[in-house]
Amino acid sequence: MPEWPEMENYRRLLSPRVSGQKITRVVVNRPKTINEPEDTFQGELLGHRILFVERRGKQLLFHLDDGNRLVLHLMLGGWLAYGTEGPKADSHFQVILGFEDGDNLYFGGLRLGYLHRLSAKTVNEELKNLGPDPFDPRLTPEAFRTRLSARRGKLKPAMTDQRLVSGIGNCYADEICFDAQIHPETPIPSLEAEAADRLYHSMRKVLEEAVEGGGYMDHPLTADDTITGGFDDQCRVYDRKGEPCVRCGTPIEKGETAGRKMFFCPHCQRMG
Ligand SMILES: [Zn+2]
């Protein structure tokens, strides 16, 4: 599932392309993807402009000039494409938004994901339990430590809980734990303050590297996009079972914690 770096990469690439653009075409091939009758959705969007694109956790919010927002969650398998022509036939996409300059934004793979048109108030209500962004300036090392220490249980399920910090999922939780040299199953009460600080710095370092590298999505956004997906082969532990640890050479192990896959180095990632 796309996480913070993938969605932030989309936001950065889409912002200059769609901000200020008027929506002149709305195609809905899968009504379940949207949250209202198809003609209402089309009628309410046509002629309106996207003002800017915001990211909250793993969601993208397209702010419209009538005060409403289009909220996108890609969930598992969702992806985006942008251009005058899509990389596949239009019928392949669940929703397509066309703009006055002839470009289109294609929403693909949205069988579990959604694109909802909501008022600002409803969006705030729906996202009110979302934790702070990893780069929120108010999320200082101290604030992170305090949020973490309010938890029981193991580290990985907490890191992927959107209420703790928003935007981190299965892949980057493993990458962050690896970078911090902390075992993902470490019980939170046994984490030293110094280890929590290491985790905080690794969180920002790993996410920054991943977004700079373009995240791991395997479809380019535009025909000439050389950024998206560049980080795919740079993960150090995720999906690398049996491969040597880049730090110590020990084979990476795969395990499961709280029903989620986890990948870690059994030698250089310690409990606490
Ligand atoms: Zn190692």
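Start at 1 and go down the list; that is how both ligands and their atoms are numbered.
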S.K.: Classify the side-chain pair Ser149/Thr146 by whether it contains a donor and acceptor separated by less than 3.5 Å.
M.R.: no

S.K.: So, Asp133 and Trp4: side-chain donor and acceptor under 3.5 Å apart, yes or no?
M.R.: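 Yes, because at least one side-chain N or O of Asp133 sits under 3.5 Å from a partner of the opposite role on Trp4.
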
S.K.: Is Arg30 close enough and on-axis enough to Tyr114, meaning under 6.0 Å and within 45°, for cation-pi?
M.R.: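 Negative - Arg30 is either too far from the ring of Tyr114 or too far off its axis.
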
S.K.: Indicate yes or no: does Lys156 engage Asp174 in a salt bridge with an N to O separation below 4.0 Å.
M.R.: yes

S.K.: Take the angle between the ring planes of Tyr172 and Tyr216 and call it parallel below 30°, perpendicular above 60°, tilted in between.
M.R.: parallel

S.K.: Quick check for you: within a radius under 2.8 Å, how many protein N, O or S atoms neighbour the Zn ion (ligand 1)?
M.R.: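 Considering protein N, O and S only, the Zn ion (ligand 1) has 4 within range.
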
S.K.: With sequence neighbours excluded, tell me which residues meet side-chain hydrogen bond (donor to acceptor under 3.5 Å, both in side chains) with Asn124.
M.R.: none

